[in-house]
2 protein chains.
Amino acid sequence: MERAAVTARTSPESARDIPEATVARLPVYLRALTTLSEQGTGTCSSEELAGAAGVNSAKLRKDLSYLGSYGTRGVGYDVDYLRYQIAREIGVTQDWPVVIVGIGNLGQALANYSGFRSRGFRVVALLDADPARRDEVVAGIEVRPFDDLEGIVREHSVAIGVIATPALSAQDVADRMVACGITSILNFAPFPLNVPDQVDVRKVDLSIELQILAYREQRKTGQGAPA
Amino acid sequence: MERAAVTARTSPESARDIPEATVARLPVYLRALTTLSEQGTGTCSSEELAGAAGVNSAKLRKDLSYLGSYGTRGVGYDVDYLRYQIAREIGVTQDWPVVIVGIGNLGQALANYSGFRSRGFRVVALLDADPARRDEVVAGIEVRPFDDLEGIVREHSVAIGVIATPALSAQDVADRMVACGITSILNFAPFPLNVPDQVDVRKVDLSIELQILAYREQRKTGQGAPA
DNA sequence: CCCGGTTTGTTCTCCCGTTCACAAACTCCT
DNA sequence: AGGAGTTTGTGAACGGGAGAACAAACCGGG
Ligand SMILES: NC(=O)c1ccc[n+]([C@@H]2O[C@H](COP(=O)([O-])OP(=O)(O)OC[C@H]3O[C@@H](n4cnc5c(N)ncnc54)[C@H](O)[C@@H]3O)[C@@H](O)[C@H]2O)c1
Ligand SMILES: NC(=O)c1ccc[n+]([C@@H]2O[C@H](COP(=O)([O-])OP(=O)(O)OC[C@H]3O[C@@H](n4cnc5c(N)ncnc54)[C@H](O)[C@@H]3O)[C@@H](O)[C@H]2O)c1
């Protein structure tokens, strides 16, 4: 493995570079472990956990092996211990401040979602360019003008921004975010954002998901049109 | 590849099996082409289209080659012609009826989203188990009891269902959907659905997206904690 | 102390997707 | 008509991820 050299020079504790695909599954394991823990399960095998997470057990074990050797052969994994290790690896042991820009249909739903808070994300501000939206209070947070972005980002050291504006505004918003020092963006607008290399963007595009389903659906029915 | 046999029996025109990854990008190209068309662009090169879609031009050409040879060497692609070909391949030349179950924060945002309609998806019903939600009208559509699912699915030949209920209800809802004949599910609840093989599920998990960003963010700052 | 049963961690192989690079094909200008 | 310039479509090399399979490690009982 030629990556051994690189791995060796990184910092001592848990800093090996984890494959992209594995990183995307760790949150799923985390959630499954939380559920198991709440059910009072103290220990679980890779088979059980894989079942709860909806993945193959071999894949699960391989994924966990990137973090280190946290299991015990012949026994399994200690639920709470493993949960903490994954949480620490992902970085959700502490709170991440987040700003949401674009408080329309989707932005309001996001602001109202309790699942973010419980997973280590704290919405510190809701921003919207529309003056009519000011003074509105969504999820107990006042909607503020978009120009307040820079001040808020500095004050709370915000690193993560969420874009829920129309597609046409998305690039402008992203540019402003980057200028303020935000380095991670979750984009709901159907527009391919152009950002500097050091800035990470993840996009969520609901229409695309439906279109993928439509494609498969069409093939199932022998490309017949729906009703 | 053992799936070749299956492919062979499908109908003659444009029924090659397209790689998963390509299918996921076709909607992106479709949107980029629509934008170009609205701007009055009649022809575009793979380089231009790739730029508008945010991908590599080589990848774009390879993706399009799975559909057939719709370009002209030395010239490029006819925007409207290519757009139609992709739309036909995906199956969005006709309307797909869709039901949304769970009309809470997220379900309401989805119901109000105009982008689905314009991309070939028609919300035929909003369903919720909470009696308090009945008689509410969201996006001009009346919220109906969950038990109406079967009748609606039959009446409109619905093949695609969207789940926006809490995680604990998601599996029940999915089971009911499958029992009614729905064969494609878009799941927003953070729960790994268990469905028969012939049913396609795509999940959208917003918390996971944020957690992936948090992981990368943590590595950027030398695993330091945020403010 | 030893042995059978269990489960992890890892190795190996295969497949899918990405990217490079280039020949084939087309246009336009002379 | 021919050649220069442009752009597509694809063959081939490469890297990463999925899954099977197995050896190493652990537990408990005798
Ligand atoms: N609603 C959904 O379910 C849904 C589904 C899929 C995709 N999307 C996408 O998510 C985005 C938001 O959707 P929506 O339905 O909430 O739209 P919306 O029109 O309800 O809300 C958009 C909000 O963004 C604000 N805004 C516009 N320009 C801005 C700017 N430059 N700076 C700050 N704020 C600005 C508007 O004032 C408005 O409040 C869109 O890009 C849409 O395509 C939404
Ligand atoms: N709101 C968000 O932005 C957001 C973000 C990420 C994930 N999610 C997920 O999306 C789902 C919905 O989120 P939400 O914020 O809209 O929740 P919500 O509580 O606002 O709405 C859930 C709705 O589902 C209905 N419901 C419950 N059980 C049902 C059943 N068995 N059949 C039919 N309807 C039922 C409830 O009556 C309620 O109206 C949740 O699983 C949540 O984790 C939401």
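Reminder, nothing fancy here: chain letters follow the sequence lines and each chain counts from 1. For clarity, every value in this text was computed on a predicted model and none was experimentally measured.
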When rounded to whole Å, the OH to P distance for the pair A:Tyr70 and D:dC26 reads 17 Å
Given side chain to side chain contact (heavy atoms under 4.5 Å, CB included), test B:Tyr113 with A:Leu206 step by step and report yes or no.
CA-CA 10 Å; B:Tyr113 184 47; A:Leu206 312 181; 5.5 Å; no
Is a side-chain N or O of A:Glu48 found less than 3.5 angstrom from the main chain of A:Ser45, in a donor-acceptor match?
yes
Is a donor on one side and an acceptor on the other found under 3.5 Å between the side chain of B:Ser37 and the backbone of B:Leu33?
no
Let me have the donor-acceptor pairs involving side chains of residues 176-189 of chain B, under 3.5 Å, with sequence neighbours excluded, atom names and distances please.
from: B:Arg176; atom 1: NH2; to: B:Asp147; atom 2: OD1; distance (Å): 3.2
from: B:Thr183; atom 1: OG1; to: A:Glu217; atom 2: OE1; distance (Å): 3.0
from: B:Thr183; atom 1: OG1; to: A:Glu217; atom 2: OE2; distance (Å): 2.5
from: B:Ser184; atom 1: OG; to: A:Glu217; atom 2: OE1; distance (Å): 2.4
from: B:Asn187; atom 1: OD1; to: B:Ala189; atom 2: N; distance (Å): 3.0
from: B:Asn187; atom 1: ND2; to: B:Ala189; atom 2: O; distance (Å): 3.1
from: B:Asn187; atom 1: ND2; to: B:Phe191; atom 2: O; distance (Å): 3.2

Nearest-Å distance, CG (A:Leu64) to P (C:dT10)?
11 Å
Rounded to 10 degrees, the angle between the two terminal axes of the helix from C:dC1-D:dG30 to C:dT30-D:dA1, each from five pairs
0°
Are A:Ser45 and C:dT7 close enough that a side-chain N or O sits under 4.0 Å from OP1 or OP2?
no
Over how many whole Å does the gap from A:Glu48 atom CD to C:dT7 atom C1' extend?
11 Å
DNA chain C-proximal residues of residues 74-87 of chain B, any heavy atom under 4.0 Å:
B:Gly74, B:Val75
Do the side chain of B:Arg119 and the main chain of B:Gly115 share a donor and acceptor less than 3.5 angstrom apart?
yes
Residues two or more places apart in sequence or in another chain: which of them pass side chain to side chain contact (heavy atoms under 4.5 Å, CB included) with A:Asn194?
A:Gln171
B:Glu20 CD - D:dG17 P separation (whole Å):
17 Å
What heavy-atom pair brings B:Pro190 and B:Asp205 nearest, and what distance separates the two atoms?
CB-OD2, 3.6 Å
State, to 0.1 Å, how close A:Val158 and A:Pro97 come at their nearest heavy-atom pair, and which atoms those are.
CG1-O, 3.6 Å
A:Glu47 CD to D:dA21 P, in whole Å, measures 14 Å
For DNA chain D, what residues of residues 30-43 of chain A have any heavy atom nearer than 4.0 Å?
none
Could you point out which residue of B:Tyr81, B:Tyr29, B:Tyr84, B:Tyr77 forms a ring pair (Phe, Tyr, Trp, His ring centres under 6.0 Å) with B:Tyr70?
B:Tyr81
Check whether any side-chain N or O of B:Lys220 sits under 3.5 Å from a backbone N or O of A:Gln198 as a donor-acceptor pair, and report yes or no.
yes
Chi angles and distances behind the side chain to side chain contact (heavy atoms under 4.5 Å, CB included) call for B:Leu210, A:Phe116:
CA-CA 9 Å; B:Leu210 280 182; A:Phe116 293 150; 3.9 Å; yes
Take A:Leu26 and B:Gln211, measure what side chain to side chain contact (heavy atoms under 4.5 Å, CB included) needs, and give me the verdict at the end.
CA-CA 9 Å; A:Leu26 289 178; B:Gln211 288 174 332; over 6 Å; no
At under 4.0 Å, does any side-chain N or O of A:Thr72 touch on OP1 or OP2 of D:dC26?
no
Between P of C:dC14 and NZ of A:Lys59, the distance in whole Å
19 Å
What is the distance from CG of B:Asp63 to C1' of D:dT10, rounded to the nearest Å?
13 Å
Donor-acceptor pair, distance only, cut-off 3.5 Å: does the side chain of A:Gln218 make one with the backbone of B:Glu89?
yes
Which protein N or O atoms sit under 3.5 Å from an N or O of nucleotides 20-23 of chain C?
none

Using whole Å, report how far CG of A:Leu60 lies from P of C:dT8.
8 Å
Residue pair B:Ser46 / B:Leu60: nearest heavy atoms and the distance that separates them
O-CD2, 3.1 Å
